[in-house]
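Everything below concerns the one structure shown next.
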2 protein chains.
Amino acid sequence: MPKATFFNLKEEKRQILIDAAKQEFSRVSLYEASISNILKTAGIPRGSFYQYFDDKEDAFFYLLNEHAQERHECLISNLKKFDGNLFKAISEIFKSTLEHSEDKGQRDFIRNVLLNMNYKIENTFSQYLSEDVANERYDDIYDLVNAEQLNVANRKEMFHVMQILTAVTFHNLIHSVSNNLSISDAMKKYETELGLLQSGLLRSSS
Amino acid sequence: MPKATFFNLKEEKRQILIDAAKQEFSRVSLYEASISNILKTAGIPRGSFYQYFDDKEDAFFYLLNEHAQERHECLISNLKKFDGNLFKAISEIFKSTLEHSEDKGQRDFIRNVLLNMNYKIENTFSQYLSEDVANERYDDIYDLVNAEQLNVANRKEMFHVMQILTAVTFHNLIHSVSNNLSISDAMKKYETELGLLQSGLLRSSS
DNA sequence: ACTATATGTGACACGGTGTCATAAGTCAAG
DNA sequence: CTTGACTTATGACACCGTGTCACATATAGT
């Protein structure tokens, strides 16, 4: 988490910093990014950066978290829109992420995040899927999902469904970006796999 | 790929280098690893390292590839052992990976690989799952899998099944390691999810 | 012994990180 | 107003890792 000093900053200056950081993390991955570049772009002295953040990870995860929150709200609203149909809601998120990653500005940041996704980054995105039953954000989702249509008996099994969907969705996002698939090719692949997930990988014994 | 010079090295010296590199990559992730430490451990001068490798990534992916090959052979032999039952074969791989990551020596290397898994690392593991139909290694697997029991009509659909299984398997491996699950808890979670995958996430309309 | 080619070596320039002593600003109490 | 306590700003600096390069050494073929 950024330090208090960062949040005490004047709106304008904070935005300059955020923009500079985002620009650097759009250029290269977290690991290749250099604080020096952020300083140069933002026009602040070295020491100041360390007043606001612990290190570049701190700045990166601050930005990422903002994104993740947007995604989470998007999922909630999609669930409402599609009457709790989890597959439709998640497929819509998938699509909008790909479209987002066509926007100039957002594009390269999201690309870099996806191409360097690891468990820590993924957790930032999907913290609300915690197994921890006390987790509020998970409750939000659980309550909205129409569990009737799912092959689950209780909240615990629902957790596994979310895990599977998360895994397959991220896997497809990353695959799409790393192979430069067109949005329509990416959607075709993803929806094929969602279809398989729904009906099951085993042939129904006939 | 390591340079020719590396492969021309005397067996003994090459092994020293490999051990030193593995030690460093067991200590920390690829990005935190330092060539300097490898040099110190192996007792070779700086210039030599660059005779053998382009950079630390080169060394890392050389080691990783060795592992991936073992895994691949393991999958092949499991498929034979279980008469083409893909789920049993893959579940066995999952288990043996977790057990491997209990071995002193192997353990920390695998842990670091899993915790810092990204698409490039994952591709090293699963290159044999290429969509490219000309890919020999994929053929090996396709031929061995008993496709009768799967909900697929052709090789292309089989590709999607493999993609899903890869995504869920890696996701579980990473989850297990990052949450320090015991092997039996990890297996329980993984097998629950495999079960869901097999029967499908949608409730069968009754 | 001579030459060509491959390999070994470590000093060096470069660039990035995080820190620290010091300067500058803010604000409330006297 | 000014004094003092606290917060924020600054940039020089020590430290460390990287990749290179000119030079040294080994190896093998003629």
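These numbers were taken from a predicted model, which means no experiment stands behind them. Every heavy atom of this structure was used, including side-chain atoms; hydrogens, water molecules and symmetry mates were not.
- Dashed line: the shortest gap from a side-chain N or O of B/Asn8 to OP1 or OP2 of C/dA6 is not under 4.0 Å.
- Nucleic acid contact class of A/Lys13 (heavy atoms, under 4.0 Å, all strands): sugar-phosphate only.
- Mapping A/Asn37 and A/Gly47 onto DNA chain C by nearest heavy atom places A/Asn37 at the nucleotide closer to the 5' end.
- The existence of a salt bridge linking A/Glu24 and A/Lys56 is excluded, since no basic side-chain nitrogen approaches an acidic carboxylate oxygen closer than 4.0 Å.
- Counting only heavy atoms from C-beta on, B/Gln51 has its side chain closest to C/dT9 among C/dT9, D/dA9, D/dG19.
- Atom OH of B/Tyr31 and atom C1' of D/dC16 are 20 Å apart (whole Å).
- Each of B/Phe61, B/Phe60, B/Phe6 was scored for a ring pair (Phe, Tyr, Trp, His ring centres under 6.0 Å) with B/Phe53, with one residue passing: B/Phe6.
- A salt bridge links B/Asp139 to B/Arg155: at least one charged side-chain nitrogen sits closer than 4.0 Å to a carboxylate oxygen.
- The side chain of B/Ser36 lies closest to D/dG17 when the candidates are C/dG16, D/dG17, D/dT10.
- The NZ-C1' distance, from B/Lys40 to D/dG17, rounds to 11 Å in whole Å.
- As a whole-Å value, the separation of A/Lys3 NZ from D/dA9 P is 12 Å.
- Of the candidate nucleotides C/dT9, D/dT8, D/dG19, D/dT8 has the atom nearest to the side chain of A/Thr5.
- Distance CG (B/Leu30) to C1' (D/dG17): 15 Å, rounded to an integer number of Å.
- Remark: P of C/dT17 and CZ of A/Phe49 are 9 Å apart, rounded to the nearest angstrom.
- At distances below 3.5 Å, not a single donor-acceptor pair connects side-chain atoms of B/Glu92 with backbone N or O atoms of B/Lys88.
- Dashed line: the shortest gap from a side-chain N or O of B/Ser48 to OP1 or OP2 of C/dT9 is under 4.0 Å.
- Here D/dT18 presents its P atom at 15 Å from CZ of B/Phe60, a figure rounded to the nearest Å.
- Contact annotation: A/Tyr52 side-chain N/O to D/dA9 OP1/OP2 distance is under 4.0 Å.
- Comparing C/dT17, D/dG19, D/dA9 by their nearest atom to the side chain of B/Arg46 picks out D/dG19.
- Taking atom CD of residue B/Glu24 and atom C1' of nucleotide D/dG17, one finds them 12 Å apart after rounding to whole Å.
- When rounded to the nearest whole Å, the span between CZ of A/Phe53 and P of C/dG18 equals 13 Å.
- For A/Arg27 and A/Glu32, the salt-bridge test fails: no basic side-chain N is under 4.0 Å from an acidic carboxylate O.
- Looking at the side chain of B/Ile35, the nearest of the listed nucleotides C/dT9, D/dT18, D/dT10 is D/dT18.
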